[in-house]
Amino acid sequence: MNNFAAHARQLRQGFAHDPHRPRYHFLPPANWMNDPNGIIEWRGLTHLFYQHNPHGPVWDDMHWGHAASADLVHWADLPIALAPDPGGPDEDGCWSGCAVGNDGAPTLLYTGIQGDYNLPQSQRVCIASSNDDLLRWRKHPGNPVIAQPPDNIDVTAFRDPFVWRESDNWYMIIGAGIRDVGGAVLLYRSRDLHRWEYLHPLCDNDMLGHTALWTGSVWEVPQFFPLGDKHIMTITAWDKEQLYSAYFVGSYHDHRFYPDSVYKLDYGDRHFCAPHSMRDSTGRRVLWGWIDEGRSIEAQTAAGWAGVMSLPRILTLGVDGKLALQPAPELESLRADHHRYNNILLSGASGEFTAGQRGAALEILAEFDAANAEECGVKVRCSPDGEEESTIFYDARRKQLGVDRRRSSIVRDGSAALDIQQGDFSLSPGESLRLRVFVDCTVIEVYANERACITSRVYPSRSDSAGVRLFSRGRAIVKSLDIWTMSAIWDAP
Ligand code: FRU
């Protein structure tokens, strides 16, 4: 174990001079990470598992990496929890899944891959359990516990089990797609987590009714839980070329989920995928997502690492019937130097204010009276001459919240995404705009009025691209601006 920790530390130290590597977001010691998996509280620690390729910074040969935290902020690296077994039902990968406490016998349910991973027949459900505080995992000798998709449905995918307890039974949903229907989640039932009976789809695209949102051909990594007086299902809506995270709000009866509505969980699309949440011991619903890179495979290979975990988000049900999202208050422990500015007037065709505080790892909280502005927002990672800047904007006329990264980097060789990400957002009369922005080298996470989030990646090339500016088109008053320097969560990055 100590050897493992020392090795992980050494790997992290190897990246000490990489200006693109986040300092206060979780990421593995090295190499590739995608989905959060099996997040669970156990004896005072939160355990985070994650899709991991320990051999390189690209998606391949999936293992379950492992880390644990006492405060949701600082993480200790732990040995790999699951690795593919040659000749076993997961020999070609241990893909996503979940964890349950199972009355003191912690159990992982995951997707074992054997054969061509594109085929639903190669995707099956396996389980593993631990009797030493989640450190070592023993795979069940009878794996897979679900060997193939149900016979009577023509599925295009079959993966990512998620399990909950309901009276004397366990229920499991599996992410799927049904040919000519679209995304679906399939419902199973069991008494003992080993023998599973297929029931029916908990929900599928046909049950959605009319929605303006495209929801892809497969619903990956489904999770399902009560929140307030509703039920919520989160998924990644997936298709070959496109993916984003969605949530459905609806009601649950007769073991079917009837969604009233579906929304994007984050406007960053592929930069916030595979949402995974847990109910913690205080009853909070805490959610993480995988923040994918926004740069080429060549660039990430050269870096030696890829993939970042989002900061933990607390979910509640808003009065408008949509999710309300807040960063976990525990993150405030990272706040170091603080500057506060009050009543800044931005006026004219393009009003700007440059903050004195600079940095690549910051938290920014800006409250705008934007009633008379056409557009306003915050620019981060700005070079002094404005050659590089990443703009978080609220466009009142088009009712959009976005991140404009067309000037995020002066390197224009196609290695990094330089575009505009955006989604619907508007203020009600008299409501001020509250932007809470977490900047962590190449990661930007934005919360707008606790009801919309947008996650982005930017790769500025200049070492002096560390400035913060406020801007407006038309008159805006910034009632307050708080900027904190954020401490690193690793002693080596
Ligand atoms: C989601 C996903 C899952 C799958 C895993 C493989 O990002 O595609 O559906 O289990 O990643 O790494």
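For this chain, numbers begin at 1 and follow the sequence in order. The figures here come from the full heavy-atom set of this structure, side chains too, leaving out hydrogens, waters and symmetry mates. Predicted model only: the values in this text are computed from it and were never measured.
Atom OG1 of T316 and atom CD of Q326 lie 6.0 Å apart (nearest 0.5 Å). Atom CD1 of I39 is separated from atom OG1 of T46 by 8.5 Å, given to the nearest 0.5 angstrom.
Legend: residues meeting ring pair (Phe, Tyr, Trp, His ring centres under 6.0 Å) with Y258, ordered by chain and number and at least two apart, are H253. For F248, the ring pair (Phe, Tyr, Trp, His ring centres under 6.0 Å) partners two or more places apart in sequence, or in a different chain, are W219. Every residue two or more places apart in sequence or in another chain was checked for a side-chain hydrogen bond (donor to acceptor under 3.5 Å, both in side chains) with E241, and none qualifies. With sequence neighbours excluded, the residues forming a side-chain contact (heavy atoms from CB on, under 4.5 Å) with D60 are N53, listed by chain and number. Scanning for ring pair (Phe, Tyr, Trp, His ring centres under 6.0 Å) contacts around H200 gives an empty result, with sequence neighbours left out. Partners of N118 according to the side-chain hydrogen bond (donor to acceptor under 3.5 Å, both in side chains) rule, which considers only residues two or more places apart in sequence or in another chain, are D116. For N131, the side-chain hydrogen bond (donor to acceptor under 3.5 Å, both in side chains) criterion is met by no residue, not counting sequence neighbours. Every residue meeting the side-chain contact (heavy atoms from CB on, under 4.5 Å) condition with S129, not counting sequence neighbours, appears here in chain and number order: T107. Residues passing the side-chain hydrogen bond (donor to acceptor under 3.5 Å, both in side chains) test with H63: none are found, sequence neighbours excluded. Scored by the ring pair (Phe, Tyr, Trp, His ring centres under 6.0 Å) test, F272 finds no partners at all (sequence neighbours excluded).
Remark: R189 is not positioned above the aromatic ring of Y198, lacking an NZ or CZ atom under 6.0 angstrom from the ring centre and at most 45 degrees off the axis. Both cation-pi conditions hold for R285 and F225: the charged atom is under 6.0 angstrom from the six-membered ring centre and inside a 45 degree cone around its axis.
A donor-acceptor pair shorter than 3.5 Å can be found between the side chains of S456 and Q421. At a cut-off of 3.5 Å, with distance as the only test, no side-chain donor of N143 or H140 sits close to an acceptor on the other residue. Under 3.5 Å, the side chains of Y394 and Q400 contain no donor-acceptor pair of N or O atoms.
Residue pairs meeting the salt bridge (Lys or Arg N to Asp or Glu O under 4.0 Å) criterion with at least one member in residues 129-138, sequence neighbours excluded: R43-D133, D132-R136.
The aromatic rings of Y252 and H255 lie perpendicular to each other, with more than 60° between the two planes, well past the 30° mark. Ring geometry for W32 versus W290: interplanar angle over 60°, hence perpendicular rather than tilted (30 to 60°). Relative orientation of the W288 and W75 rings is perpendicular, given thresholds of 30° and 60° on the angle between their planes.
The side-chain heavy atoms of I40 and M278, taken from C-beta on, include no pair separated by under 4.5 Å. Residues Y267 and D424 form a side-chain contact, since some pair of their non-hydrogen atoms from C-beta on lies under 4.5 Å apart. Under the 4.5 Å side-chain criterion, counting only non-hydrogen atoms from C-beta, F438 is not in contact with I364. Taking 4.5 Å as the limit, every side-chain heavy atom of L435 sits out of range of all side-chain heavy atoms of L365. A heavy-atom distance below 4.5 Å is found between the side chains of Q51 and W64. Side-chain contact between N34 and M62 is present, with at least one heavy-atom pair separated by less than 4.5 Å. Side chains of R434 and Y447 form no contact here, defined as non-hydrogen atoms less than 4.5 Å apart.
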Could you list the donor-acceptor pairs under 3.5 angstrom formed by side chains in residues 230-240, with sequence neighbours left out?
{"unit_1": "K230", "atom_1": "NZ", "unit_2": "D260", "atom_2": "OD2", "d": "3.0"}
{"unit_1": "T236", "atom_1": "OG1", "unit_2": "A274", "atom_2": "N", "d": "2.8"}
{"unit_1": "D239", "atom_1": "OD1", "unit_2": "S217", "atom_2": "OG", "d": "2.7"}

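Partner of W95 under the ring-ring contact (aromatic ring centres under 6.0 Å, His included) criterion, chosen from Y110, F158, Y117: Y117.
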Report task. Determine, step by step, whether E330 and R284 satisfy the salt bridge (charged side-chain N to carboxylate O under 4.0 Å, His left out) criterion, reporting the C-alpha distance in whole Å, the side-chain angles of both residues, the deciding distance to 0.1 Å, and the verdict. Result -> CA-CA 13 Å; E330 285 89 335; R284 299 185 303 176; 2.7 Å; yes

Requested in this report: Quick one: do L208 and T215 satisfy side-chain contact (heavy atoms from CB on, under 4.5 Å)? Show the steps, please.
Outcome: CA-CA 10 Å; L208 260 189; T215 61; 3.9 Å; yes

Report task. For the pair D440 and R23, evaluate salt bridge (charged side-chain N to carboxylate O under 4.0 Å, His left out) and give the outcome as yes or no after the intermediate values. Result -> CA-CA 6 Å; D440 192 1; R23 301 175 199 164; 5.4 Å; no

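Atom CG of D103 is surrounded by 12 or fewer heavy atoms from other residues, nucleotides or ligands within 6.0 Å.
Contact check on D18 versus R21 returns no salt bridge, with no Lys/Arg side-chain nitrogen under 4.0 Å from an Asp/Glu carboxylate oxygen. A salt bridge between R457 and D292 is absent, with no side-chain N of the basic residue lying under 4.0 Å from a carboxylate O of the acidic one.
Residue G115 comes nearest to D92 through the heavy atom pair N-OD2, 2.8 Å, listed as atom of the first residue, atom of the second, then distance.
Aromatic ring centres of Y171 and F224: separated by at least 6.0 Å. Less than 6.0 angstrom separates the ring centroid of Y263 from the ring centroid of Y247.
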